[in-house]
Enquirer: 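Mind having a look at this structure? Questions to follow.
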Amino acid sequence: MRRETIINAGLAAGLLAIPLWAHVTGEIFTITLATRVAILALAAVGLNLALGLGGLVSFGHAAYFGLGGYAMGILAFHAQTYDPIFTWPFVFEGTKQMLVIWAVALVASGLAAALIGMLTLHTSGAYFIMATLAFGQMFYYLFVSWPKYGGEDGMAIYVRNDFPGLNTLDPIQLFVICYALLMAGLFVSWRIARSPFGLALQAARQNAERVETVGIRPFRIRLAAFVISGMITGLAGALMADLNRFVGPTMFSWHTSGEIMVLVILGGVARLYGPVAGAALFVLLEHWLGGVSDYWLAFVGALLLLVVLFARGGLIGSLAGREVAHD
Amino acid sequence: MTEPVLEIRKLSKSFGALRASRDINLTLLPGEIHALIGPNGAGKSTLIKQIAGNMAPDAGEIRFLGRDVTALDTVGRARMGLGRSFQISSVIAEFTVLQNVVLALQGARGTSYHLFRAVLKDREMTATARAAAGRVGLDDRLAVRAQDLSHGERRKLEIAMALALAPRAFLLDEPMAGMGAEGAAEMTRLLDRLRHEAPILLVEHDMDAVFSLADRISVLDYGEIIASGTVEEIRADPVVRRAYLGDDAEAI
Ligand SMILES: Nc1ncnc2c1ncn2[C@@H]1O[C@H](COP(=O)(O)OP(=O)(O)O)[C@@H](O)[C@H]1O
Ligand SMILES: [Mg+2]
């Protein structure tokens, strides 16, 4: 077996074993931390598809994260107040069902990614970064100035949403849901990476002109990847809102976009489990250093610098070594 | 008379005051190798780029397989069967030889939106890609990344990628550039076999290769075709000898 495969399996097993152990010993807080890792990792799995495979440095993935979050917030808010979201052309009620919320989160973030992608993917380099950032900020200001959904203060959702057959208020059960979705996200991105689509996407990153001369349109490939990427991050946003039982406009802020990107870079760009390693490291640092100093993010910054300068493959890259050519 | 596969009519392109293509007329007939020669800066690559669709002409028409493709983009022309190699090798550096050829293959087949199929597990696809790599002599280098190939091998990989498209015409821009004598001879043999697949518009500086391969030669000078004809006609043409073959004259 490849070394990276072993590391990945270890990460997957560890992320499952630790909260299960914490469940046995009754350390609720550890379970919550692990849930946070799983959700942030899922958000980063989304970005990694665009950034890692496609080379699309999106500084606006907070838009999808936030839309996923507000999909949950708005649906649950209307369910809480028994007030339909709209009544024309059909009655659209709020809901407390996670499955419905996820579907709405996926559709909303996918549509937003399609629109933003169509408008930004013609640019590249710094222009692309700035354009995606600008769209993220637009959503931020939109929700800050929308009083119905809490404006600047956001909205608290008092009761966690439901999942058929599970008690979502039980931390370990919520963790299992998030973990399962993370695994699903990883599975999708693993399959995509080795699919014809993934091959074209990775080729477009390296040499778009060459891709055109074999009859493939880089723009369309990138757009499709961008949409899938945004949807995965959007789903993570819905989960994060449910974990916190709160949505606020900071989900849309550029800090969030930066944080998701930091996870990917720390863990290892284009590495399947890079997002998981990155999210685990980030949450651990946040937990340990956050208690020691308010400036813990400065440590993360320094670490990021080290990774960028000395370990381009991130955590996974340093542990597993250079990526081997498959086949 | 047979229909030309590729037909260029009165093509013009200027970069500011520099006229890189002047009223160029050119045809590529089925089964032939049509060589395009001319000194550096004559406008050969510029012409290739316009035919491939990377650069729009200022005026004129490009017809491919009987259809006006002047307004069609690179992707559209590639889909119609225009297989191209670049003057400066252009491959996917981090991909292996096999992945590069498979990419070309899936481009030709339009399967690039398959999300869940493992591309290198597709037996038929990889077998076809292996065969294309084998045709250019890269069968024992399939798992090597393109960036680790020698210069000559990268040139061959480009040809294999063009081959995988099952093209209706090849556009090859100096495929022997930077190759040693042995590599050039090998490439010459390869191109000689390739012409049975599809006609070749060949830009090349290596005169041995051009004279042994070409059915027709066109000479480009300052953006203009100054002569066009068989190998014998071009060798004998006094204008050509002066403009281009000057230094080479005794070698001919
Ligand atoms: N994109 C461009 N912009 C401006 N000038 C160009 C461009 N491409 C080529 N040229 C000029 O056009 C002329 C023809 O170039 P090129 O077609 O590359 O010549 P060749 O391939 O025959 O050596 C040269 O003088 C070159 O400097
Ligand atoms: Mg040239």
Side-chain angles (χ1 to χ4, degrees), chain A residues 2 49-50 52-55 110 122 184-229 231-232 269-272 312-313 317 322-327, chain B residues 49 52-54 73-86 88-122 125-126 129 142-148 158 161-162 164-165 167 171:
Chain A
R2 285 167 52 209
L49 198 66
L53 295 186
H122 287 294
L186 284 168
F187 178 73
V188 166
S189 89
W190 173 69
R191 289 305 294 244
I192 285 180
R194 17 186 286 142
S195 72
F197 175 74
L199 197 73
L201 180 61
Q202 294 172 75
R205 182 190 74 225
Q206 299 172 56
N207 189 343
E209 189 181 42
R210 189 18 122 178
V211 169
E212 283 179 353
T213 52
V214 298
I216 303 170
R217 283 183 215 287
F219 178 81
R220 296 233 301 249
I221 294 283
R222 287 178 182 142
L223 182 61
F226 201 67
V227 169
I228 299 169
S229 164
M231 289 170 80
I232 295 176
V269 176
R271 300 302 183 112
L272 180 63
R312 293 302 285 269
R322 182 171 181 248
E323 208 172 1
V324 289
H326 10 134
D327 196 39
Chain B
K49 283 177 201 159
N54 301 96
D73 66 3
T74 310
V75 174
R77 295 184 205 185
R79 289 253 178 90
M80 282 181 72
L82 205 51
R84 185 203 173 173
S85 80
F86 292 78
I88 310 223
S89 288
S90 176
V91 292
I92 312 297
E94 291 170 24
F95 280 8
T96 63
V97 167
L98 185 64
Q99 285 175 314
N100 268 285
V101 183
V102 164
L103 179 76
L105 213 48
Q106 75 181 40
R109 296 176 176 188
T111 54
S112 292
Y113 291 90
H114 291 209
L115 292 175
F116 279 98
R117 188 180 299 161
V119 65
L120 295 181
K121 291 265 159 68
D122 185 331
M125 187 103 158
T126 48
L142 289 170
V144 180
R145 282 178 199 256
Q147 63 197 12
D148 300 328
E158 277 210 87
M161 291 174 80
L165 293 173
L171 288 182

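These values consider heavy atoms only, across backbone and side chains, with no hydrogens, waters or symmetry-generated copies. Below, chain A is the first sequence line, B the second, and so on; all start at residue 1.
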Enquirer: Looking at A/Arg217, A/Gln206, A/Glu209, A/Arg191, which has the largest count of heavy-atom pairs under 4.5 Å with chain B?
Expert: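 Most pairs with chain B among the choices: A/Gln206.
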Enquirer: Give, as side chain, backbone, both or neither, the part of A/Arg220 having an atom under 4.5 angstrom from any heavy atom of chain B.
Expert: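 For A/Arg220, heavy atoms of backbone and side chain both lie under 4.5 Å from chain B.
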Enquirer: Give the member of B/Leu82, B/Val119, B/Leu105 that has the highest number of heavy-atom pairs under 4.5 Å with chain A.
Expert: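 Most heavy-atom pairs under 4.5 Å with chain A: B/Val119.
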Enquirer: Within the 3.5 Å criterion, strictly below it, is a donor on B/Gln106 or B/Ser112 matched to an acceptor on the partner's side chain?
Expert: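 Yes, side-chain donor-acceptor contact under 3.5 Å.
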Enquirer: Within a strict 4.5 Å, meaning less than it, do heavy atoms of the B/Gln99 and B/Leu120 side chains meet?
Expert: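 Yes, their side chains come closer than 4.5 Å.
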Enquirer: Which bit of B/Ala108 is near chain A, if near means a heavy-atom gap under 4.5 Å: side chain, backbone, both or neither?
Expert: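 Interface part for B/Ala108: backbone (N, CA, C, O).
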Enquirer: If you tally heavy-atom pairs under 4.5 Å against chain A, which of B/Ile92, B/Val144, B/Asn100 wins?
Expert: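 Greatest number of close heavy-atom pairs with chain A: B/Ile92.
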Enquirer: Looking at B/Leu165, B/Val102, B/Leu103, which makes the most heavy-atom pairs under 4.5 Å with chain A?
Expert: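 That would be B/Leu103.
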Enquirer: Do you know which of A/Ile192, A/Leu201, A/Ile221, A/Val188 has the most heavy-atom pairs under 4.5 Å to chain B?
Expert: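 Answer, by heavy-atom pair count under 4.5 Å with chain B: A/Ile221.
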Enquirer: So B/Lys121 and A/Arg194, do their side chains get closer than 4.5 Å, heavy atoms only?
Expert: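 Yes; the side chains approach each other to less than 4.5 Å.
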Enquirer: B/Asn54 versus chain A, heavy atoms under 4.5 Å apart: side chain, backbone, both or neither?
Expert: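 The side chain, not the backbone.
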Enquirer: Counting only N and O atoms by type, is there a donor-acceptor contact under 3.5 Å from the side chain of B/Arg79 to the main-chain atoms of A/Gly215?
Expert: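 A pair under 3.5 Å: yes.
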Enquirer: Whether the B/Arg77 and B/Thr74 side chains hold a donor-acceptor pair (N or O, under 3.5 Å, no angle test) is what I'd like checked.
Expert: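 No.
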Enquirer: Side chain of B/Thr96, backbone of B/Ala143: donor and acceptor closer than 3.5 Å?
Expert: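 No, because the side chain of B/Thr96 does not come within donor-acceptor range (under 3.5 Å) of the backbone of B/Ala143.
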